Amino acid sequence: MLFRSAAFNPAVDGATLYTIATGDGNNELIALNTSDGSQLWETPINPGTTSPAVANGVVYAADSGSNGTGSLNAYNAATGATLASYPLNDDGGPPTIIANGTIYQGDNGVTELTPST
């Protein structure tokens, strides 16, 4: 994918950087090798996606839906495969925060999720 901008704050986990790339009319969640900048994978995402967060091998990013609501999506950090999607009350709001194994996502309030392991 040829992208024009990665205007979102990245998340870094070890030797991998995760960010949202926009361009060519598409939005992609991409993973880059931090040592040489090579792209490891990309996966399409909906518009209005927040900056990603990463913990325990999972990348999280919230996005806007078509009806004013959104979802918090979980992706495999090694492959970019979608693992789960959690509905939100709003369009995703501020970036996802992970603290002590709990995921916090603003959505006209705060959604708190503790993923099962």
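Owing to the predicted nature of the structure, the values given are computational and were not obtained by experimental measurement.
In this structure the side chain of L32 never reaches within 4.5 angstrom of the side chain of L40, judged on heavy atoms. Under the 4.5 Å side-chain criterion, counting only non-hydrogen atoms from C-beta, Y60 is not in contact with Y18.
E42 and I30 make their closest contact through CB-CG2, 3.6 Å (heavy atoms, listed as atom of the first residue, atom of the second, distance). Considering all non-hydrogen atoms of both residues, P52 and A11 come closest at O-CB, 3.5 Å. The shortest non-hydrogen separation linking T34 to G14 is OG1-O, 4.2 Å.
In this structure, W41 contributes its side chain and A77 its backbone to a donor-acceptor pair below 3.5 Å.
With sequence neighbours left out, the side chain to side chain contact (heavy atoms under 4.5 Å, CB included) criterion links A78 to N76. Here S85 pairs with S71, N73 under the side chain to side chain contact (heavy atoms under 4.5 Å, CB included) rule; sequence neighbours left out.
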### Message
N33 vs T16, test: side-chain contact (heavy atoms from CB on, under 4.5 Å). Steps then yes/no.
### Response
CA-CA 5 Å; N33 183 309; T16 307; over 6 Å; no
### Message
Between V58 and L83, does the side-chain contact (heavy atoms from CB on, under 4.5 Å) criterion hold? Intermediate values first, please.
### Response
CA-CA 8 Å; V58 180; L83 300 173; 4.0 Å; yes
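N9 CG to T19 OG1: the interatomic distance, rounded to the nearest 0.5 Å, is 8.0 Å.
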